[in-house]
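The structure appears below as C-alpha coordinates.
So you know, we letter chains A, B, ... as the sequences are listed, proteins then strands, and number each from 1.
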2 protein chains.
Amino acid sequence: MRGPWWQKRLYDFGYRLTSPRQIIINILRNTDKHLSAEDIYIDAIKTNPSIGLTTVYRTLDLFSQIGVVQKFDFGEGRARYELTNNPLKKDHHHHLVCVNCKSIIDYTDFVNEELELMNKTEKALSEKYQFNIFHHTINFYGMCSKCRIKE
Amino acid sequence: MRGPWWQKRLYDFGYRLTSPRQIIINILRNTDKHLSAEDIYIDAIKTNPSIGLTTVYRTLDLFSQIGVVQKFDFGEGRARYELTNNPLKKDHHHHLVCVNCKSIIDYTDFVNEELELMNKTEKALSEKYQFNIFHHTINFYGMCSKCRIKE
DNA sequence: ATTCTTATTGAAAATGGTTTTCATTATCAA
DNA sequence: TTGATAATGAAAACCATTTTCAATAAGAAT
Ligand SMILES: [Mn+2]
Ligand SMILES: [Mn+2]
Ligand SMILES: [Zn+2]
Ligand SMILES: [Zn+2]
(Lines give C-alpha, C1' and ligand atoms only; values in the text may rest on other atoms or scores of the structure.)
(Ligands and ions follow the chains in the order given, each with its own letter.)
Protein backbone atom coordinates (compact mmCIF):
# COMPACT_ATOMS: atom_id res chain seq x y z
CA MET A 1 0.00 0.00 0.00
CA ARG A 2 2.84 2.43 -0.58
CA GLY A 3 2.47 5.38 -2.96
CA PRO A 4 0.87 8.81 -2.86
CA TRP A 5 -2.42 9.38 -1.11
CA TRP A 6 -4.38 9.77 -4.34
CA GLN A 7 -3.25 6.33 -5.48
CA LYS A 8 -4.61 4.89 -2.26
CA ARG A 9 -7.81 6.73 -3.00
CA LEU A 10 -8.09 5.07 -6.42
CA TYR A 11 -7.33 1.70 -4.91
CA ASP A 12 -9.88 2.09 -2.13
CA PHE A 13 -12.60 2.81 -4.66
CA GLY A 14 -11.54 -0.07 -6.89
CA TYR A 15 -10.21 2.05 -9.73
CA ARG A 16 -7.06 1.27 -11.70
CA LEU A 17 -3.84 3.20 -11.82
CA THR A 18 -3.31 4.28 -15.41
CA SER A 19 -0.88 6.43 -17.33
CA PRO A 20 -3.33 9.25 -18.16
CA ARG A 21 -4.31 9.47 -14.50
CA GLN A 22 -0.70 9.86 -13.42
CA ILE A 23 0.03 12.47 -16.06
CA ILE A 24 -3.01 14.53 -15.12
CA ILE A 25 -2.19 14.44 -11.43
CA ASN A 26 1.35 15.58 -12.15
CA ILE A 27 0.12 18.51 -14.19
CA LEU A 28 -2.11 19.60 -11.34
CA ARG A 29 0.67 19.09 -8.82
CA ASN A 30 2.98 21.42 -10.72
CA THR A 31 0.78 24.46 -11.08
CA ASP A 32 -0.69 27.00 -8.72
CA LYS A 33 -3.31 27.98 -11.31
CA HIS A 34 -6.90 26.87 -11.80
CA LEU A 35 -6.73 24.81 -14.97
CA SER A 36 -9.54 23.97 -17.38
CA ALA A 37 -9.89 20.53 -18.96
CA GLU A 38 -8.44 21.92 -22.16
CA ASP A 39 -5.48 23.50 -20.34
CA ILE A 40 -4.71 20.11 -18.87
CA TYR A 41 -5.18 18.36 -22.20
CA ILE A 42 -2.76 20.67 -23.98
CA ASP A 43 -0.19 20.06 -21.29
CA ALA A 44 -0.84 16.32 -21.18
CA ILE A 45 -0.19 15.66 -24.87
CA LYS A 46 3.33 17.04 -24.41
CA THR A 47 4.01 13.98 -22.26
CA ASN A 48 1.86 11.53 -24.17
CA PRO A 49 0.46 12.77 -27.51
CA SER A 50 -2.06 9.95 -27.69
CA ILE A 51 -4.10 11.09 -24.70
CA GLY A 52 -7.61 12.14 -25.64
CA LEU A 53 -9.54 15.14 -24.36
CA THR A 54 -12.32 12.72 -23.48
CA THR A 55 -10.06 10.93 -21.07
CA VAL A 56 -9.10 14.21 -19.46
CA TYR A 57 -12.76 14.96 -18.80
CA ARG A 58 -13.41 11.47 -17.50
CA THR A 59 -10.38 11.54 -15.25
CA LEU A 60 -11.23 14.92 -13.78
CA ASP A 61 -14.77 13.72 -13.15
CA LEU A 62 -13.50 10.64 -11.40
CA PHE A 63 -11.02 12.59 -9.29
CA SER A 64 -13.74 15.03 -8.32
CA GLN A 65 -15.93 12.20 -7.15
CA ILE A 66 -13.29 10.61 -4.97
CA GLY A 67 -12.14 13.96 -3.61
CA VAL A 68 -8.72 14.13 -5.23
CA VAL A 69 -9.51 17.31 -7.14
CA GLN A 70 -12.02 20.07 -6.65
CA LYS A 71 -14.11 21.32 -9.54
CA PHE A 72 -15.02 25.00 -9.70
CA ASP A 73 -17.34 27.02 -11.84
CA PHE A 74 -16.52 30.69 -11.77
CA GLY A 75 -19.08 31.60 -14.41
CA GLU A 76 -16.97 31.59 -17.55
CA GLY A 77 -18.78 28.70 -19.19
CA ARG A 78 -16.05 26.19 -18.46
CA ALA A 79 -15.06 24.33 -15.33
CA ARG A 80 -11.70 24.73 -13.61
CA TYR A 81 -9.91 22.22 -11.44
CA GLU A 82 -7.59 22.31 -8.46
CA LEU A 83 -5.77 19.46 -6.72
CA THR A 84 -7.16 18.97 -3.23
CA ASN A 85 -3.74 18.66 -1.57
CA ASN A 86 -1.47 20.79 -3.72
CA PRO A 87 1.99 21.30 -2.22
CA LEU A 88 2.35 24.55 -4.19
CA LYS A 89 -0.82 26.04 -2.74
CA LYS A 90 -2.08 27.49 0.46
CA ASP A 91 -4.05 24.82 2.17
CA HIS A 92 -7.59 26.00 2.66
CA HIS A 93 -8.37 29.15 0.74
CA HIS A 94 -11.18 31.04 -0.92
CA HIS A 95 -11.48 32.93 -4.19
CA LEU A 96 -11.47 36.41 -5.61
CA VAL A 97 -12.77 36.44 -9.20
CA CYS A 98 -12.49 39.23 -11.76
CA VAL A 99 -15.80 39.33 -13.61
CA ASN A 100 -14.07 40.97 -16.56
CA CYS A 101 -10.89 39.00 -17.32
CA LYS A 102 -11.83 35.97 -15.18
CA SER A 103 -8.52 35.97 -13.34
CA ILE A 104 -8.67 34.20 -10.00
CA ILE A 105 -6.81 34.97 -6.79
CA ASP A 106 -6.51 32.50 -3.93
CA TYR A 107 -6.73 34.36 -0.66
CA THR A 108 -6.28 33.25 2.92
CA ASP A 109 -6.94 36.53 4.72
CA PHE A 110 -9.26 35.95 7.67
CA VAL A 111 -9.60 32.38 6.47
CA ASN A 112 -9.34 31.05 10.03
CA GLU A 113 -12.12 33.29 11.21
CA GLU A 114 -14.13 32.32 8.15
CA LEU A 115 -13.55 28.66 8.80
CA GLU A 116 -14.64 28.96 12.40
CA LEU A 117 -17.86 30.64 11.39
CA MET A 118 -18.40 28.20 8.54
CA ASN A 119 -18.04 25.27 10.91
CA LYS A 120 -20.60 26.74 13.26
CA THR A 121 -22.94 27.47 10.36
CA GLU A 122 -22.39 24.05 8.89
CA LYS A 123 -23.34 22.38 12.13
CA ALA A 124 -26.52 24.42 12.46
CA LEU A 125 -27.51 23.94 8.83
CA SER A 126 -26.93 20.22 8.75
CA GLU A 127 -29.23 19.83 11.75
CA LYS A 128 -31.89 22.26 10.69
CA TYR A 129 -32.11 21.09 7.08
CA GLN A 130 -30.95 17.49 7.56
CA PHE A 131 -28.16 18.07 5.09
CA ASN A 132 -24.95 16.10 5.02
CA ILE A 133 -22.47 18.84 4.10
CA PHE A 134 -19.28 17.95 2.22
CA HIS A 135 -17.68 21.28 1.47
CA HIS A 136 -18.27 24.95 0.92
CA THR A 137 -17.14 27.79 -1.33
CA ILE A 138 -16.77 31.49 -0.72
CA ASN A 139 -16.29 33.70 -3.78
CA PHE A 140 -15.86 37.44 -4.06
CA TYR A 141 -16.67 38.88 -7.47
CA GLY A 142 -15.31 42.18 -8.66
CA MET A 143 -12.93 43.90 -11.02
CA CYS A 144 -9.17 43.58 -10.82
CA SER A 145 -6.86 46.59 -10.97
CA LYS A 146 -5.73 45.88 -14.54
CA CYS A 147 -9.27 45.70 -15.84
CA ARG A 148 -10.29 48.85 -13.99
CA ILE A 149 -7.54 50.86 -15.67
CA LYS A 150 -8.56 49.74 -19.14
CA GLU A 151 -12.14 50.93 -18.72
CA MET B 1 -40.42 58.70 -12.93
CA ARG B 2 -43.15 56.57 -11.40
CA GLY B 3 -43.09 52.77 -11.67
CA PRO B 4 -41.16 49.94 -10.04
CA TRP B 5 -37.47 50.26 -9.24
CA TRP B 6 -36.37 47.96 -12.03
CA GLN B 7 -38.11 50.14 -14.59
CA LYS B 8 -36.13 53.10 -13.28
CA ARG B 9 -33.04 50.96 -13.66
CA LEU B 10 -33.82 50.31 -17.33
CA TYR B 11 -34.52 53.98 -17.91
CA ASP B 12 -31.31 55.10 -16.21
CA PHE B 13 -29.28 52.87 -18.49
CA GLY B 14 -31.17 53.98 -21.59
CA TYR B 15 -32.94 50.69 -22.20
CA ARG B 16 -36.53 50.38 -23.35
CA LEU B 17 -39.48 48.96 -21.44
CA THR B 18 -40.77 46.03 -23.46
CA SER B 19 -43.38 43.34 -23.07
CA PRO B 20 -40.94 40.41 -22.74
CA ARG B 21 -39.04 42.28 -20.05
CA GLN B 22 -42.19 42.85 -18.03
CA ILE B 23 -43.30 39.25 -18.38
CA ILE B 24 -39.94 37.91 -17.26
CA ILE B 25 -39.80 40.20 -14.24
CA ASN B 26 -43.27 39.10 -13.21
CA ILE B 27 -42.30 35.46 -13.42
CA LEU B 28 -39.32 36.07 -11.17
CA ARG B 29 -41.43 38.14 -8.79
CA ASN B 30 -43.87 35.31 -8.31
CA THR B 31 -41.55 32.49 -7.40
CA ASP B 32 -39.27 31.72 -4.51
CA LYS B 33 -37.33 29.24 -6.64
CA HIS B 34 -34.12 29.59 -8.59
CA LEU B 35 -35.28 29.42 -12.20
CA SER B 36 -33.28 28.52 -15.28
CA ALA B 37 -33.68 30.35 -18.58
CA GLU B 38 -35.76 27.48 -19.88
CA ASP B 39 -37.97 27.44 -16.76
CA ILE B 40 -38.69 31.10 -17.38
CA TYR B 41 -39.24 30.56 -21.10
CA ILE B 42 -41.79 27.81 -20.50
CA ASP B 43 -43.66 30.05 -18.10
CA ALA B 44 -43.39 33.10 -20.34
CA ILE B 45 -45.00 31.53 -23.39
CA LYS B 46 -48.13 30.91 -21.34
CA THR B 47 -48.56 34.68 -21.24
CA ASN B 48 -47.22 35.41 -24.71
CA PRO B 49 -46.60 32.37 -26.92
CA SER B 50 -44.51 34.37 -29.36
CA ILE B 51 -41.67 35.05 -26.94
CA GLY B 52 -38.42 33.42 -27.99
CA LEU B 53 -35.95 31.61 -25.78
CA THR B 54 -33.27 33.88 -27.23
CA THR B 55 -35.03 36.89 -25.80
CA VAL B 56 -35.21 35.24 -22.41
CA TYR B 57 -31.44 34.76 -22.42
CA ARG B 58 -30.84 38.31 -23.62
CA THR B 59 -33.18 39.77 -21.04
CA LEU B 60 -31.64 37.82 -18.16
CA ASP B 61 -28.21 38.94 -19.30
CA LEU B 62 -29.31 42.53 -19.39
CA PHE B 63 -30.96 42.34 -15.99
CA SER B 64 -27.84 40.74 -14.56
CA GLN B 65 -25.72 43.58 -15.87
CA ILE B 66 -27.88 46.31 -14.38
CA GLY B 67 -28.28 44.48 -11.09
CA VAL B 68 -31.97 43.60 -11.35
CA VAL B 69 -31.37 39.86 -11.21
CA GLN B 70 -28.55 37.73 -9.89
CA LYS B 71 -27.15 34.90 -11.97
CA PHE B 72 -25.95 31.76 -10.20
CA ASP B 73 -24.06 28.72 -11.29
CA PHE B 74 -24.49 25.82 -8.90
CA GLY B 75 -22.59 23.38 -11.11
CA GLU B 76 -25.42 21.72 -13.01
CA GLY B 77 -24.37 22.99 -16.43
CA ARG B 78 -27.07 25.63 -16.56
CA ALA B 79 -27.44 29.02 -14.95
CA ARG B 80 -30.17 29.93 -12.51
CA TYR B 81 -31.60 33.35 -11.79
CA GLU B 82 -33.04 35.17 -8.81
CA LEU B 83 -34.65 38.61 -8.64
CA THR B 84 -32.47 40.94 -6.60
CA ASN B 85 -35.37 42.38 -4.59
CA ASN B 86 -37.87 39.57 -4.42
CA PRO B 87 -40.78 40.27 -2.05
CA LEU B 88 -41.27 36.52 -1.59
CA LYS B 89 -37.70 35.97 -0.46
CA LYS B 90 -35.49 36.57 2.48
CA ASP B 91 -33.40 39.60 1.75
CA HIS B 92 -29.76 38.64 1.83
CA HIS B 93 -29.19 34.92 1.99
CA HIS B 94 -26.75 32.20 1.08
CA HIS B 95 -27.17 28.74 -0.43
CA LEU B 96 -27.23 25.10 0.47
CA VAL B 97 -26.93 22.88 -2.62
CA CYS B 98 -27.64 19.16 -2.90
CA VAL B 99 -24.94 17.75 -5.15
CA ASN B 100 -27.23 14.84 -6.01
CA CYS B 101 -30.66 16.26 -6.90
CA LYS B 102 -29.46 19.88 -7.25
CA SER B 103 -32.16 21.22 -4.97
CA ILE B 104 -31.29 24.56 -3.44
CA ILE B 105 -32.14 25.95 -0.03
CA ASP B 106 -31.91 29.64 0.83
CA TYR B 107 -30.67 30.00 4.38
CA THR B 108 -30.27 33.02 6.62
CA ASP B 109 -28.87 31.35 9.73
CA PHE B 110 -25.89 33.32 11.02
CA VAL B 111 -26.19 35.49 7.94
CA ASN B 112 -25.57 38.64 9.96
CA GLU B 113 -22.40 37.22 11.42
CA GLU B 114 -21.40 36.05 7.97
CA LEU B 115 -22.06 39.45 6.49
CA GLU B 116 -20.06 41.20 9.15
CA LEU B 117 -17.07 38.99 8.47
CA MET B 118 -17.53 39.29 4.73
CA ASN B 119 -17.49 43.08 4.97
CA LYS B 120 -14.29 43.01 6.95
CA THR B 121 -12.73 40.55 4.51
CA GLU B 122 -13.94 42.54 1.56
CA LYS B 123 -12.31 45.68 2.85
CA ALA B 124 -9.00 43.92 3.43
CA LEU B 125 -9.05 42.14 0.09
CA SER B 126 -9.95 45.18 -1.98
CA GLU B 127 -6.97 47.03 -0.48
CA LYS B 128 -4.48 44.20 -0.63
CA TYR B 129 -5.35 43.04 -4.13
CA GLN B 130 -6.64 46.34 -5.55
CA PHE B 131 -9.95 44.68 -6.36
CA ASN B 132 -13.22 46.53 -6.71
CA ILE B 133 -15.61 44.02 -5.17
CA PHE B 134 -19.25 43.93 -6.29
CA HIS B 135 -20.72 40.94 -4.53
CA HIS B 136 -19.99 37.58 -2.97
CA THR B 137 -21.41 34.08 -2.75
CA ILE B 138 -21.32 31.47 -0.02
CA ASN B 139 -22.39 27.95 -0.96
CA PHE B 140 -22.53 24.79 1.10
CA TYR B 141 -22.53 21.58 -0.92
CA GLY B 142 -23.84 18.32 0.44
CA MET B 143 -26.60 15.77 0.24
CA CYS B 144 -30.18 16.47 1.20
CA SER B 145 -32.18 14.14 3.44
CA LYS B 146 -34.28 12.76 0.59
CA CYS B 147 -31.24 11.83 -1.46
CA ARG B 148 -29.50 10.27 1.51
CA ILE B 149 -32.41 7.90 2.11
CA LYS B 150 -32.43 6.72 -1.48
CA GLU B 151 -28.76 5.70 -1.41
C1' DA C 1 -51.35 61.79 -33.81
C1' DT C 2 -47.51 60.80 -37.15
C1' DT C 3 -42.90 60.15 -38.35
C1' DC C 4 -38.36 58.57 -37.69
C1' DT C 5 -34.45 56.49 -35.52
C1' DT C 6 -32.72 52.58 -33.69
C1' DA C 7 -33.18 49.30 -29.76
C1' DT C 8 -35.36 45.01 -29.50
C1' DT C 9 -37.19 40.86 -31.09
C1' DG C 10 -37.76 35.87 -32.93
C1' DA C 11 -36.20 32.12 -35.92
C1' DA C 12 -32.63 29.65 -37.46
C1' DA C 13 -28.01 28.57 -37.50
C1' DA C 14 -23.67 28.46 -35.21
C1' DT C 15 -20.80 27.82 -31.19
C1' DG C 16 -18.28 25.42 -27.77
C1' DG C 17 -17.80 22.83 -23.61
C1' DT C 18 -18.96 18.38 -22.19
C1' DT C 19 -20.91 13.63 -22.76
C1' DT C 20 -21.99 9.40 -25.16
C1' DT C 21 -20.98 5.56 -28.07
C1' DC C 22 -18.31 1.81 -29.38
C1' DA C 23 -14.52 -0.81 -30.79
C1' DT C 24 -9.76 -1.37 -29.07
C1' DT C 25 -6.32 -1.59 -25.42
C1' DA C 26 -4.33 -2.01 -20.90
C1' DT C 27 -4.66 -3.11 -15.90
C1' DC C 28 -4.35 -6.36 -12.45
C1' DA C 29 -6.25 -10.38 -9.87
C1' DA C 30 -6.09 -15.18 -10.33
C1' DT D 1 0.48 -16.09 -18.49
C1' DT D 2 -4.25 -15.60 -18.90
C1' DG D 3 -8.84 -13.83 -18.49
C1' DA D 4 -12.25 -10.59 -17.02
C1' DT D 5 -13.29 -6.09 -17.43
C1' DA D 6 -12.00 -1.25 -16.48
C1' DA D 7 -10.12 2.34 -19.15
C1' DT D 8 -9.06 4.55 -23.38
C1' DG D 9 -9.36 7.41 -27.85
C1' DA D 10 -11.87 8.95 -31.95
C1' DA D 11 -15.91 10.40 -33.68
C1' DA D 12 -20.44 11.66 -33.14
C1' DA D 13 -23.98 13.43 -30.27
C1' DC D 14 -25.62 16.58 -26.88
C1' DC D 15 -27.32 20.79 -25.18
C1' DA D 16 -27.01 25.37 -22.99
C1' DT D 17 -25.95 29.58 -24.78
C1' DT D 18 -24.65 32.94 -28.50
C1' DT D 19 -24.70 34.92 -33.01
C1' DT D 20 -26.80 36.45 -37.22
C1' DC D 21 -30.10 38.96 -39.63
C1' DA D 22 -34.34 40.63 -41.31
C1' DA D 23 -38.69 42.26 -39.22
C1' DT D 24 -40.85 44.79 -35.48
C1' DA D 25 -41.87 48.04 -31.93
C1' DA D 26 -40.48 51.76 -28.32
C1' DG D 27 -40.34 56.28 -27.60
C1' DA D 28 -38.24 60.86 -28.89
C1' DA D 29 -38.99 64.41 -32.03
C1' DT D 30 -42.08 66.59 -34.92
MN1 LIG E 1 -7.98 28.18 -5.63
MN1 LIG F 1 -31.36 32.03 -3.35
ZN1 LIG G 1 -9.59 41.51 -14.55
ZN1 LIG H 1 -30.96 15.95 -2.96
Sugar-phosphate only, base, or nothing, as touched by A/Arg21 at under 4.0 Å among non-hydrogen atoms: sugar-phosphate
Would you mind writing out the side-chain donor-acceptor pairs for residues 40-55 of chain A within the sub-3.5 Å range, not counting sequence neighbours?
unit_1	atom_1	unit_2	atom_2	d
A/Asn48	OD1	A/Ser50	N	3.0
A/Asn48	OD1	A/Ser50	OG	2.8

Boundaries of the DNA chain C segment in contact with chain A, non-hydrogen, under 4.0 Å: C/dG17 to C/dC28
Under 3.5 Å side-chain donor-acceptor pair for A/His34 and A/Gln70: no
Strand-adjacent residues in residues 24-49 of chain B, judged by heavy atoms under 4.0 Å from DNA chain D: none
Centroid-centroid under 6.0 Å between A/Phe72 and A/Phe74 rings: yes
More than 12 heavy atoms of other groups within 6.0 Å of B/Lys33 NZ: no
Side-chain donor-acceptor pair present, B/Glu114, B/Tyr107, cut-off under 3.5 Å: yes
Contacting residues from residues 60-79 of chain B, given that a heavy atom lies under 4.0 angstrom of DNA chain D: B/Gly77, B/Arg78, B/Ala79
Centroid-centroid under 6.0 Å between A/Phe140 and A/His95 rings: no
Contact interval (first through last nucleotide) of DNA chain D with protein chain B, 4.0 Å heavy-atom: D/dA16 to D/dG27
Pairwise side-chain contact, B/Asn100 with B/Lys146, heavy-atom cut-off 4.5 Å (strictly under): no
Of all pairs that satisfy salt bridge (charged side-chain N to carboxylate O under 4.0 Å, His left out), the ones with a partner from residues 134-145 of chain A, not counting sequence neighbours: none
Sugar-phosphate, base or nothing in reach of B/Ser50, heavy atoms under 4.0 Å: sugar-phosphate
Shared hydrophobic cluster, B/Val69 / B/Ile104 (ILVMFWY, side-chain heavy atoms < 4.5 Å): no
Any side-chain donor near an acceptor of the partner, A/His94 and A/Asp106, under 3.5 Å: no
Sugar-phosphate only, base, or nothing, as touched by A/Thr18 at under 4.0 Å among non-hydrogen atoms: sugar-phosphate
Short side-chain donor-acceptor distance under 3.5 Å, B/Asp61 and B/Ser64: no
Candidate pair B/His92 and B/His136, rule ring pair (Phe, Tyr, Trp, His ring centres under 6.0 Å), full reasoning: CA-CA 11 Å; B/His92 189 103; B/His136 66 256; 5.2 Å; yes
Atom CD of A/Glu76 with >12 non-hydrogen neighbours under 6.0 angstrom: yes
